[in-house]
Amino acid sequence: MSTQVPEQTEEESSADTESQSQSAAQQARMEKKRDRAAQRDQQREAEEAEREFSEDGTYLLKVFRYDPEIAGKQEPRFDEFHVPYHTGMTVLDALMYARDEYDSSLTFRHSCRQAVCGSDALFVNGRQRLGCKTQLSDLEEPVRIEPLPHQEVVKDLVVDMEHFYDQMHAVEPYFQTNDLPEGEQLQSRENREKIKMSTRCIWCGACMSSCNIAAGDNKYLGPAAINKAYRFTMDEREGEDMKEHRMKIMEQEHGVWRCQTQFSCTEVCPKDIPLTEHIQELKREAVKNNLKFW
Amino acid sequence: MSQSYNRGLIEDFGRWKEFSAGMWAWIFHKFTGWVLVGYLFTHIAVLSTALTGAAAYTETIQTLESLLVVRILEVGLLAVAVFHILNGLRLLLVDLGVGLHAQDKSFYASLALTGAIVVASVPTFLAGVF
Ligand code: HEM
Ligand code: SF4
Ligand code: FES
């Protein structure tokens, strides 16, 4: 069944404190996140205590439905499900309950149920979130569940991710280098720390979906792909020539310069990757590079 | 096989209630920037009445300044300019990677400061028009 989420958040935050050389901005952000988590925990306990005695113990879900293959379902609509609540229930748990108990045609992607596979990014109460990482008790009722905005809907909560994957592949998301060493290719601790957050991406597409610019410019690489490029550009083991090659991709018309620092991607990323910070760093890197050639 | 369903504009401005601080900052910044460009043209038009002579210029200015609408528009212009400058400084800091974690707070601060300056300026701008 679902993971015990209060424990999970604690583990996550203690893992985060281990890293010493995070930037001040990131540290402050994590600090804020921890405060919020603590606050939420308290609030949740209070709410749960109340819930046990009052109400009927269910959560009301309003779920976006659409099925192009069935005549009566081609017009998008919202279906309501009353799902019995249990402590620690996530949005994904609730959806699975609705599917298993009420309507087996309800369609959505999921796999790991622990924020690792990135298949269940959804638009929940007006925000991109991972279904499996979102506690029902953190949400206001009714819980509105929609497919990710700015992507085409295939069926119910399933969106077409092809374009997102194309953008990810466009930045050559794999390690490459021209100077192969004899033995192991070791990375310095400092360098590892620098790219650590950027390696966390699970390809969920939440960031891309939240970005107004990506919505208006289909060619814009988008936060996830740029972050992926950052992960390799900043990896010192790839060497200078490869870095230059990567910067050329980043500097293209639809690369880093499209970012208008709205911070929506950073706010929704379920893996807490400081996306805007990484994009800004690549912009400064690009400026520095070009000044060199004057 | 299945054709996919495009939800159209409802995904964008239809969702304005869900916009975050950074999105509003961006929208306001573009808006104020273009209002300033627009003002530049009217500004030049008014100033160029001086080409026909000092009297024409004085008369134009006096007529304009005697209108309540113009005074109110001036307050609006100040609001737009102050916000654009303050948020512009915020954006410069963001570009330099300074204080990224406080980007939402600095947007609210720009708004609040703009509000305060505009309110404080109202007596000056409206003096003598009634
Ligand atoms: C001290 C005064 C000013 C400051 C600090 C400032 C700063 C900025 C900054 C940082 C941007 C954002 C660029 C970006 O990242 O997209 C911007 C955009 C803009 N500014 Fe200003 N600005 C100032 C005065 C003006 C004036 C006087 C005008 C009009 C004549 C103006 C018109 C614009 C316009 C139209 C844009 C939007 C450009 C676009 O569409 O990207 N600004 N300004
Ligand atoms: S950067 Fe974050 S939000 Fe974007 S795809 Fe990766 S994990 Fe998801
Ligand atoms: S099911 Fe794998 S990320 Fe949510």
Side-chain angles (χ1 to χ4, degrees), chain A residues 23-33 64 66-70 73-76 123 125-128 144 146-156 158-160 162 209-213 215-216 259-268 274-281 283-284 287, chain B residues 1-37 80 83-114:
Chain A
S23 74
Q26 180 66 3
Q27 260 168 17
R29 187 155 38 233
M30 299 314 296
E31 185 79 22
K32 241 171 44 186
K33 260 197 160 127
F64 180 95
Y66 163 75
D67 185 348
E69 287 168 348
I70 295 181
K73 296 183 175 176
Q74 283 163 357
E75 199 47 48
F123 198 60
N125 280 4
R127 194 189 151 127
Q128 287 79 1
R144 233 175 114 93
E146 297 166 72
L148 286 183
H150 305 137
Q151 267 127 307
E152 298 212 327
V153 184
V154 179
K155 185 185 173 192
D156 293 348
V158 175
V159 291
D160 187 350
E162 235 15 80
S209 164
S210 77
C211 177
N212 275 350
I213 307 299
C259 169
Q260 300 281 316
T261 61
Q262 293 184 23
F263 289 89
S264 13
C265 54
T266 310
E267 274 164 28
V268 300
L275 294 161
T276 313
E277 205 173 311
H278 289 170
I279 300 173
Q280 292 296 84
E281 201 176 328
K283 283 183 192 168
R284 289 196 296 276
V287 171
Chain B
M1 242 177 63
S2 64
Q3 82 262 35
S4 49
Y5 169 66
N6 188 333
R7 285 160 295 169
L9 200 66
I10 189 73
E11 294 174 336
D12 309 306
F13 290 102
R15 294 206 180 272
W16 60 273
K17 278 191 201 153
E18 287 150 6
F19 285 3
S20 57
M23 292 189 193
W24 284 118
W26 181 76
I27 291 169
F28 289 169
H29 200 85
K30 297 283 126 144
F31 176 75
T32 53
W34 289 107
V35 168
L36 287 176
V37 172
V80 156
F83 176 80
H84 191 88
I85 291 171
L86 292 178
N87 194 58
L89 296 175
R90 168 183 169 273
L91 287 175
L92 293 179
L93 290 179
V94 166
D95 281 341
L96 293 173
V98 179
L100 292 189
H101 62 284
Q103 59 88 14
D104 45 352
K105 286 193 209 87
S106 56
F107 167 62
Y108 298 134
S110 316
L111 275 186
L113 204 52
T114 305

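Convention: sequence-line order gives letters A, B, ...; per-chain numbering from 1. Hydrogens, waters and symmetry mates are skipped; everything else that's a heavy atom, side chains included, is used.
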- Considering all heavy atoms of both residues, which atom of B/Val94 and which atom of A/Gln280 are nearest to each other, and what is their separation?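 Of all heavy-atom pairs spanning B/Val94 and A/Gln280, the closest is O-NE2, 3.0 Å.
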
Distance, nearest 0.5 Å, that separates [atom1] of [X] from [atom2] of [Y]:
| X | Y | atom1 | atom2 | result |
| --- | --- | --- | --- | --- |
| B/Leu96 | A/Arg284 | CG | CZ | 7.0 Å |
| B/Ile27 | A/Gln262 | CD1 | CD | 7.0 Å |
| B/Glu18 | A/Ser264 | CD | OG | 12.5 Å |
| B/Asp95 | A/Thr261 | CG | OG1 | 6.0 Å |

- For chain A, which residues from residues 104-114 of chain B lie under 4.5 Å away (heavy-atom distances)?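 B/Asp104, B/Lys105, listed by number.
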
With a 4.5 angstrom heavy-atom cut-off, could you sort out which part of [X] is near chain B: side chain, backbone, both or neither?
| X | answer |
| --- | --- |
| A/Lys155 | neither |
| A/Thr266 | neither |
| A/Ile70 | neither |
| A/Glu267 | side chain |

- Message: Quick one, A/Gln260 and B/Lys30 - any side-chain contact, counting heavy atoms below 4.5 Å?
- Response: yes

- Residues in ring pair (Phe, Tyr, Trp, His ring centres under 6.0 Å) contact with B/His101, at least two apart in sequence or another chain: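 Here no residue qualifies.
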
